[in-house]
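Heads up: the structure comes next, in structure tokens.
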Protein chains: 2
Amino acid sequence: MMKIGALSESLEDYLEIIYQLIQETKEARIKDIADRKNVSMSSVIPALRRLSKENLVNYKTRGIVTLTSQGQNLAARLLGRHEFVKYFLMSLLDVPEEIAERDACLFEHYMSPETFRKMVMFFEFVDTCGMNIRSHFEDYIANLDKQGDGEICPAPECPFKNDSFRRRQRWGMVKTLSSLSPGESGRVARVQADTAIRQRLIDMGVLPNVVITVERMAPLGDPIEIKLRGYHLSLRKEEADAIILYPST
Amino acid sequence: MMKIGALSESLEDYLEIIYQLIQETKEARIKDIADRKNVSMSSVIPALRRLSKENLVNYKTRGIVTLTSQGQNLAARLLGRHEFVKYFLMSLLDVPEEIAERDACLFEHYMSPETFRKMVMFFEFVDTCGMNIRSHFEDYIANLDKQGDGEICPAPECPFKNDSFRRRQRWGMVKTLSSLSPGESGRVARVQADTAIRQRLIDMGVLPNVVITVERMAPLGDPIEIKLRGYHLSLRKEEADAIILYPST
DNA sequence: TAGTCTAATTAGACGCGTCTAATTTTCGAG
DNA sequence: CTCGAAAATTAGACGCGTCTAATTAGACTA
Ligand SMILES: [Mn+2]
Ligand SMILES: [Mn+2]
Ligand SMILES: [Mn+2]
Ligand SMILES: [Mn+2]
């Protein structure tokens with residue numbers, strides 16, 4: 001059984017495409033392969049030769065392209081990963097379909113079998129644990145933009161609505177970045193802001209557990225200069241307000 | 001701000017390594033870069049030239065290697081992703097450190113910013129929702145090997161221990177693959193077995209939501225031949241028993 | 001059946017990212 | 001200051017995966 005990841009990303013994608021074409025149209029023509037992979041026909045030929053050398057496809061010049069049983073097996077497993085990862089991203093992480101599709105078609109090649117297995121297990125766990133994690137997370141996301149009222153999980157049926165443990169957990173980290181003085185530092189717990197600010201901060205590298213040090217602060221706290229992984233950044237007050245830190249230990 | 005993914009995986013890794021070396025030892029020597037990336041010194045030179053052309057490193061023949069502020073920025077963000085993804089895999093999915101490290105160093109290049117953001121949000125959600133998802137999942141995993149007693153979530157403090165909803169959910173899908181007759185099919189809900197069997201099945205492509213059709217069955221149900229994504233497989237009874245299906249609709 | 005269009009292939013090129021085998025430069029010990 | 005070792009660089013090669021342009025084979029049409 002040929003291992004996933006033993007071939008290049010490109011060859012694995014060729015294999016997947018050939019498999020799909022055969023399922024859909026009974027045969028895999030060079031032109032169709034080329035179209036689907038968005039390459040020229042002349043690029044397909046050497047790919048087929050390489051796959052043929054690995055005993056994954058049957059191909060001879062001007063012959064019909066088929067998969068060997070090894071190739072069939074590998075392609076089916078790749079497609080399984082592709083579809084599972086896509087579904088995982090969409091249904092659990094709420095990633096839009098188009099993006100989930102793109103990411104899944106990359107992850108399928110690079111994820112180790114161990115991580116993949118754990119992902120499958122987590123997915124099963126979410127489905128069977130009865131905690132309704134999916135819908136809680138959906139609500140969490142849906143309410144990010146209107147947050148600030150102190151409510152983390154606004155789902156009406158949430159059994160933790162009045163849970164003191166959760167409140168304690170929240171109260172433990174109410175410090176925001178803008179409440180620090182120059183020289184002080186903290187570890188990021190989360191970002192509490194609408195998607196625009198959140199997006200900007202995450203893209204700048206403000207991630208959970210990253211240590212941030214305040215360097216300088218303008219008179220009214222805007223802008224505020226910080227250091228993050230040894231790299232200097234300047235934040236607007238509105239952004240600094242959104243960053244919730246763990247209490248410094 | 002240079003986008004992650006605009007460079008090749010290789011160049012991004014070079015950048016990361018240079019950044020780390022400068023942080024650790026104040027300078028990035030060609031030999032050290034080569035050692036850390038496990039390539040020959042002569043491979044480093046053209047990489048530095050390409051990075052230099054992109055204005056990410058300052059490098060001239062026989063000169064000292066430094067990062068431009070653009071390069072510093074990109075490197076810091078890459079490293080942030082690397083570390084976050086690694087931590088996500090370890091702390092949420094329970095992936096062993098070594099493997100999480102490897103996977104993170106691949107995902108950092110390939111994951112779209114959208115998926116990454118959702119991952120960060122999910123992580124924050126898990127930490128703030130108060131549901132203790134991490135420890136429940138740990139228990140779920142820890143108990144896979146001893147499963148079969150009907151208990152899904154054996155955590156003593158689990159608030160869903162006696163939840164009728166969850167029981168109903170479980171009862172809705174008690175059909176196992178081996179209870180089907182030839183010609184019948186079902187959709188996989190999960191695999192309930194020890195890690196060895198589970199591992200084998202997942203690697204063969206038996207994943208949640210995949211449709212399986214029983215083709216043939218030996219007299220005592222061992223082996224059982226199935227079709228999965230158009231591909232034929234033969235399972236032992238012990239494996240077929242582990243596959244829990246959704247009730248056919 | 002000859003003509004025409006399209007699919008398939010070949011030829012030749014290119015950039016990336018690596019290598020090995022020289023060669024040159026640098027640097028520190030004596 | 002000299003010399004030898006280590007680091008850096010150059011030269012030349014290779015495989016992958018792509019391209020464009022030219023050619024060939026096939027298949028359908030009039
Ligand atoms: Mn792919
Ligand atoms: Mn794919
Ligand atoms: Mn990497
Ligand atoms: Mn990395």
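Below, chains carry the letters A, B, ... as their sequence lines are ordered, and counting in each starts from 1.
Against DNA chain D, the stretch residues 2-21 of chain B makes no heavy-atom approach under 4.0 Å. Residues from residues 27-58 of chain B with heavy atoms under 4.0 angstrom of DNA chain D, sorted by number: B:R29, B:I30, B:K31, B:M41, B:S42, B:I45, B:R49.
Screening A:R77, A:E12, A:E108 for a side-chain contact (heavy atoms from CB on, under 4.5 Å) involving A:H82 leaves a single residue, A:E108.
When DNA chain C is scanned in the 5' to 3' direction for atoms under 4.0 Å from non-hydrogen atoms of chain A, the outermost contacting nucleotides are C:dA7 to C:dT10.
To the nearest 0.5 Å, the span separating CG on B:N58 from CG on B:L51 amounts to 11.0 Å.
Between B:E83 and B:R81, none of the side-chain N atoms (NZ, or NE/NH1/NH2) sits under 4.0 Å from a carboxylate O, so this pair counts as no salt bridge. A salt bridge links B:D35 to B:K31: at least one charged side-chain nitrogen sits closer than 4.0 Å to a carboxylate oxygen. Salt-bridge check for A:E225 with A:R216: passed, with a basic side-chain N closer than 4.0 Å to an acidic carboxylate O. By the 4.0 Å N-to-carboxylate-O rule, A:K86 lies too far from A:D103 to be salt-bridged with it.
B:F107 meets the ring pair (Phe, Tyr, Trp, His ring centres under 6.0 Å) test with A:F107; sequence neighbours excluded. Not counting sequence neighbours, A:Q20 has no partner by the side chain to side chain donor-acceptor pair (under 3.5 Å) test. For B:F123, the ring pair (Phe, Tyr, Trp, His ring centres under 6.0 Å) criterion is met by B:F84, B:Y87, not counting sequence neighbours.
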Verify side chain to side chain contact (heavy atoms under 4.5 Å, CB included) between A:I141 and B:M121, making sure each step is shown before the conclusion. CA-CA 8 Å; A:I141 288 181; B:M121 283 153 96; 4.2 Å; yes

